[in-house]
K.L.:
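Pasting a structure below so you can have a look.
In what follows, every chain begins at residue 1, and chains take the letters A, B, ... in the order their sequences are listed.
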Protein chains: 2
Amino acid sequence: MAKTTRKARLEEEFLQGYDPNRYERPSVSVDVAVLSARDGALHTVLYRREGPLFADAFALPGGFVGMNESLDAAARRLLRDKGGLEGVFLEQLYTFGAPDRDPRMRVVSVAYYALVDHTRGLAGPGQICRLVVPWEGETGGPVEAVGPDGDEVEFAFDHADVLGLAVKRIRGKLGYTPIGFQLLPESFTLRDLQEVHETVLGREQNKDSFRRRMLQSGQLEATGERQLGVGHRPAELYRFVRRSAI
Amino acid sequence: MAKTTRKARLEEEFLQGYDPNRYERPSVSVDVAVLSARDGALHTVLYRREGPLFADAFALPGGFVGMNESLDAAARRLLRDKGGLEGVFLEQLYTFGAPDRDPRMRVVSVAYYALVDHTRGLAGPGQICRLVVPWEGETGGPVEAVGPDGDEVEFAFDHADVLGLAVKRIRGKLGYTPIGFQLLPESFTLRDLQEVHETVLGREQNKDSFRRRMLQSGQLEATGERQLGVGHRPAELYRFVRRSAI
DNA sequence: CACGTTAGATGCGACATGCATATATGCATA
DNA sequence: TATGCATATATGCATGTCGCATCTAACGTG
C-alpha cells in the first residue's frame with residue numbers, strides 16, 4: 001500500500017516536471033468521413049494520394065490538429081478547406097490509435113463523421129465514391145468503395161474501418177435521433193425521408209409505420225407546400241423541427 | 001479548381017516530408033472512468049492530486065500513451081497498474097481535446113470507461129467515490145462526486161464532463177446491449193440485475209416487463225442454483241451468456 | 001403451523017407495428 | 001370533358017410488446 005502510494009507520488013512528480021518537448025509523442029490528426037445518400041446508396045468523399053506511401057490509394061479528408069485548435073475546430077477547418085463544406089452536421093466518431101496505422105510515424109487519428117445533403121456541391125479535388133457496405137458493416141467492419149468510373153477503390157491507412165464504423169454509428173443513431181434529416185435538403189417528402197432511412201439501414205422500411213413514427217415524433221412540420229409536376233398526387237413537403245423548440 | 005488541386009498537392013508534399021520532431025504537437029493521454037454500481041448509486045475511482053496544479057482535487061486514473069502502445073493497451077495498463085483491475089469491460093468513450101483543458105500544455109485525452117463488479121477489490125491509493133448525476137446527466141453534462149467521508153469532491157481538469165458522458169453512454173447502451181451484466185458478479189438474480197439497471201438509469205423499472213425482456217433476450221442462463229438464507233422464497237441465480245454463443 | 005416477505009406466473013388493457021384496403025389528387029390521354 | 005394511371009394519405013384489423021393488477025410458490029420466523 002505504501003509502495004503504491006510512493007509510486008503514485010513519483011508519477012505526480014514526473015508529471016509536474018514533464019516537458020513535452022523532451023519526450024517522443026504521437027502526432028494527432030483528424031479524419032472526417034463525409035456521408036451523403038444518393039441513388040439508394042451511401043457516398044463519401046475521398047482524395048487520391050500521390051506520394052510514395054499508399055500511392056493511388058484513396059484517403060479520407062484529414063490533417064493534423066493545430067496546437068491551439070480544438071478537435072472539433074480542426075474537423076470543421078478540414079471540411080471547409082478541403083471540401084468547401086460549412087454548417088454541416090459533424091460529430092466525433094472514434095479515435096484510432098494503433099501504433100502501426102501509419103508506417104511513417106505514430107499518428108493518433110480522431111475520426112469524425114459529417115452528414116451532408118447530397119444536393120450540396122462539393123469544392124476541391126475530392127471524388128465522391130459510392131460505399132458498398134457488407135452486412136457485417138452493421139458491426140463496424142470495413143467497407144468497400146466504388147469511384148465515379150465504377151472501379152473499386154483502394155483505401156489508404158485504416159480508412160475502410162473508419163467508414164465502416166461511421167455507417168454502423170448512424171445506423172444505430174437513426175433509431176433514436178433525428179439524424180436522418182441531416183442527409184436531406186431543407187424541405188422533403190416523407191417518401192424522401194424513408195428512402196434515406198432505407199439507404200442508410202440497407203433494408204426496406206414499412207411505409208405506414210414509418211409515416212406514423214415520423215409524424216408522431218414531433219420532429220416534422222408541414223411546410224404547407226407540396227410537390228410540383230410529379231405526374232401523380234403530390235406529396236406534402238415537411239421540414240425538420242428540433243426537439244428543443246417543442 | 002486548379003488552385004485547389006495545387007493546394008492539395010502541396011499538402012501532400014508537406015506530409016511526405018513531415019518530420020514530427022520538428023513541429024509542436026499535443027501530448028496524448030488516456031483517462032479511464034471506472035464505474036461500478038453499489039447501494040443504489042454509481043461509483044467511480046478517483047485519485048487525489050498532490051502537485052501544485054489542481055492541488056487536492058481528484059482526477060480519473062490516467063497517463064500518457066506509450067509510443068508503441070495502442071490506446072486500448074494504454075487504458076488496460078492504467079487499470080492494471082493504478083487499480084489492480086484486469087479482465088474488466090473496457091471501451092473507448094470520447095476524445096477530449098480542448099486546447100486549454102490542461103493549463104500546463106496541450107494534452108489530447110482519449111477517455112475510456114470501464115465497468116466493474118463492485119464486489120471486486122481495488123488495489124492502490126484510489127478512492128471510491130459516489131456519483132451524483134443530475135438529470136441533465138443524461139445529456140452528458142458534468143456530474144458531482146462524494147468521497148468516502150461524505151464530502152463533495154472537486155474534480156481536476158474536465159473529468160466531471162468525462163464521467164457525465166460515461167454515464168450518458170451506458171444509459172443509452174443499456175437499452176440495446178448486455179452491458180448491465182458487466183456491473184454484476186458471475187451469478188446474480190433478476191432482482192440484482194434490475195437494481196443495477198435502475199441505478200444506472202436513475203429511475204425505476206417495471207418488474208414484470210423487465211423480467212420478460214431479460215429472459216427472452218437470450219442473454220440469461222439459469223445456473224440451476226438459488227439464493228440461500230434470505231428469509232423468503234429464494235430467487236433463481238442466472239449467469240450471462242453472450243449472443244455469439246447462441 | 002400460521003404469518004410475513006419476496007419470487008415467479010398469469011391475465012388483461014393500452015399502445016405500437018405490420019399488413020390490407022379504401023380514398024384523394026395530380027397528370028396524361030382519349 | 002371524361003377516364004385511367006400512379007402515388008399520397010387515411011382507415012381498419014391482427015399481432016406483439018409493455019405496464020399493471022392479481023395470484024400462487026417457497027423460504028425463514030415466531
K.L.:
Please name the nucleotide paired to C/dA30 by Watson-Crick or G-U wobble geometry with both distances under 3.5 Å, or report none.
P.N.:
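Result: D/dT1.
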
K.L.:
Given D/dA25, D/dT9, C/dT10, which nucleotide is nearest the side-chain atoms of B/Arg233?
P.N.:
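For the B/Arg233 side chain, the nearest candidate turns out to be D/dA25.
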
K.L.:
Whole Å only: how far is the CD atom of B/Gln194 from the P atom of C/dA7?
P.N.:
9 Å

K.L.:
Could you give the CD-to-P distance, from A/Glu236 to C/dG26, as a whole number of Å?
P.N.:
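Rounded to whole Å, this separation is 11 Å.
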
K.L.:
Taking atom C1' of C/dG8 as reference, at what distance in whole Å does atom CZ of B/Phe210 sit?
P.N.:
15 Å

K.L.:
Take the angle between the ring planes of B/Phe96 and B/Tyr94 and call it parallel below 30°, perpendicular above 60°, tilted in between.
P.N.:
perpendicular

K.L.:
Expressed as a whole number of angstroms, how long is the span from A/Leu220:CG to D/dT9:P?
P.N.:
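Result: 12 Å.
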
K.L.:
Can you establish whether the number of heavy atoms outside A/Arg130 located under 6.0 Å from its atom CZ is more than 12?
P.N.:
no

K.L.:
Of the options D/dA21, D/dT11, D/dC27, whose atoms approach the side-chain atoms of B/Asp208 most closely?
P.N.:
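My answer, after comparing the listed nucleotides, is D/dA21.
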
K.L.:
Distance check needed: C/dT17 C1' versus A/Glu204 CD, whole Å only.
P.N.:
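Answer to the nearest Å: 17 Å.
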
K.L.:
Taking the side chain of B/Lys207 as heavy atoms from C-beta outward, which of D/dC18, C/dA7, D/dG12 is closest to it?
P.N.:
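For the B/Lys207 side chain, the nearest candidate turns out to be C/dA7.
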
K.L.:
Establish, with yes or no, whether the OP1 or OP2 oxygen of D/dA8 is under 4.0 angstrom from a side-chain nitrogen or oxygen of A/Arg191.
P.N.:
yes

K.L.:
In whole angstroms, how far is the C1' atom of D/dT17 from the CG atom of B/Asn206?
P.N.:
12 Å

K.L.:
Taking NZ, NE, NH1 and NH2 as the nitrogens, is one of them in B/Arg76 or B/Glu86 under 4.0 Å from a carboxylate oxygen of the other?
P.N.:
no

K.L.:
Can you identify which nucleotide, out of D/dA10, C/dG26, C/dA16, has its nearest atom closest to the A/Arg211 side chain?
P.N.:
D/dA10

K.L.:
May I have the distance from B/Met214 (atom CE) to C/dG8 (atom P), rounded to whole angstrom?
P.N.:
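In whole Å, C/dG8 P lies 15 Å from B/Met214 CE.
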
K.L.:
Mind listing the closest non-hydrogen atom pair of B/Asp31 and B/Ser109 along with its distance?
P.N.:
OD2-OG, 2.7 Å

K.L.:
When we call it a touch if two heavy atoms are under 4.0 Å apart, what does B/Arg213 touch: a base, just sugar-phosphate, or nothing?
P.N.:
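Sugar-phosphate, no base atom in range.
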
K.L.:
To the nearest angstrom, how far is A/Glu225 atom CD from C/dT25 atom C1'?
P.N.:
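Taking atom C1' of C/dT25 as the reference, CD of A/Glu225 is at 17 Å.
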
K.L.:
Any chance the rings of B/Phe240 and B/Phe188 have centres within less than 6.0 Å?
P.N.:
no

K.L.:
When you match A/Arg212 and A/Leu237 each to their closest nucleotide on DNA chain D, which lands nearer the 5' end?
P.N.:
A/Leu237

K.L.:
More 5' along DNA chain C: B/Pro234 or A/Arg226, using each one's nearest nucleotide?
P.N.:
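Result: B/Pro234.
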
K.L.:
Base, sugar-phosphate, or nothing: which does B/Gln227 touch, judged by heavy atoms less than 4.0 Å apart?
P.N.:
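No contact at all - B/Gln227 keeps every heavy atom at 4.0 Å or more from the nucleic acid.
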
K.L.:
Among D/dC27, C/dG18, C/dG26, which nucleotide has an atom closest to any side-chain atom of A/His232?
P.N.:
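The answer is C/dG26, which lies nearest to the side chain.
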
